Amino acid sequence: MALTDITIETYREQFEGKDDTVLIDVREPEEYEEVRLPNTVHIPLGEVQARIDEIPQDKQVVLVCRSGGRSAMAGDFLVASGYDNVHNLLEGTLGWVRRDLPTEQG
């Protein structure tokens, strides 16, 4: 299974608020504190490998970063590690904020 890219609209329609979905923000702590999507779990990209046990294999995993690059790297790692339910949120936090969607702050 390969990493699936999804749009913000697809995320909001199919995944947001669902019990079987976890949204993981892989940005650095200072970025995460500044602004983040609601209901995220924070695992910086550099910690994904060490904290892989915190990422459920029985849920849809949606990864987000600033614009989609780091989340794609994290997603590729998870897929290579045997995950088959991994999605990369295209446009990331920047796209979310551009659409004026709800956010949380530190």
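Since the model is a prediction, treat every value here as computed from it, not as a measurement.
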* Has Gln49 got more than 12 heavy atoms of other residues, nucleotides or ligands less than 6.0 Å from its CD? -> no
* To do: Please answer whether the main-chain N or O of Cys65 pairs with a side-chain N or O of Thr93 as donor and acceptor at a distance below 3.5 Å.
  => yes
* Asked: Tell me, do Glu31 and Arg70 make a side-chain contact under 4.5 Å, heavy atoms counted?
  -> yes
* To the nearest 0.5 Å, tell me how far Leu63 CG sits from His87 NE2. => 9.5 Å
* **Close side-chain approach of His42 to Arg36, heavy-atom, < 4.5 Å** => no
* To do: Flag the pair Leu23 / Asn39 as yes when at least one side-chain heavy-atom distance between them is below 4.5 Å, and no otherwise.
  => no
* To do: Hey, could you give me the CG/CD distance between Asp19 and Gln60, rounded to the nearest 0.5 Å?
  => 13.0 Å
* When you look at CG of Asp58, are more than 12 heavy atoms from neighbouring residues, nucleotides or ligands closer to it than 6.0 Å? -> yes
* If two hydrophobic side chains count as joined below 4.5 Å and joins carry through other members, does Ile43 share a cluster with Tyr83? -> yes
* Asked: How far does CG of Asp25 sit from CZ of Arg66, to the nearest 0.5 angstrom?
  -> 12.5 Å
* To do: Establish whether Leu101 and Tyr32 are linked, either directly or via other cluster members, by ILVMFWY side-chain heavy-atom contacts under 4.5 Å.
  => no
* If we ignore angles and hydrogens, is there a donor and acceptor under 3.5 Å between the side chains of Tyr11 and Thr21? -> no
* To do: Hey, could you give me the CG/OG distance between Asn88 and Ser71, rounded to the nearest 0.5 Å?
  => 3.5 Å
* Are the side chains of Ile52 and Phe77 in touch, meaning some heavy atoms are under 4.5 Å apart? -> yes
* Among Leu89, Ile8, Val62, find the residue that satisfies the side-chain contact (heavy atoms from CB on, under 4.5 Å) test when tested with Leu37. => Leu89
* Asked: Once you round to the nearest 0.5 Å, how far does CD1 of Ile6 lie from CD of Glu91?
  -> 12.0 Å
* Answer with yes or no whether the hydrophobic clustering places Val26 together with Met73; edges join I, L, V, M, F, W, Y residues whose side-chain heavy atoms lie under 4.5 Å apart. => yes
* Can you see which heavy atom on Pro102 is nearest to which on Pro38, and at what distance? => O-CD, 3.2 Å
* Salt bridge flag under 4.0 Å for residues Glu54 and Arg51 -> yes
* Asked: In the single-linkage hydrophobic clustering (I, L, V, M, F, W, Y; side-chain heavy atoms under 4.5 Å), do Val22 and Val79 co-cluster?
  -> yes
* Applying side-chain contact (heavy atoms from CB on, under 4.5 Å), run through Glu33 and Gln105 and close with a yes or a no. => CA-CA 6 Å; Glu33 286 302 315; Gln105 294 179 322; over 6 Å; no
* Looking only at heavy atoms, what is the nearest atom pair of Val61 and Ile24, with distance? -> CG1-CD1, 4.0 Å
* Closest approach of Ala74 and Val48, non-hydrogen atoms and distance? -> CB-CG2, 4.2 Å
* Give a yes or no on whether Ile55 and Val41 share a hydrophobic cluster (residues Ile, Leu, Val, Met, Phe, Trp, Tyr; joining criterion: side-chain heavy atoms under 4.5 Å apart). => yes
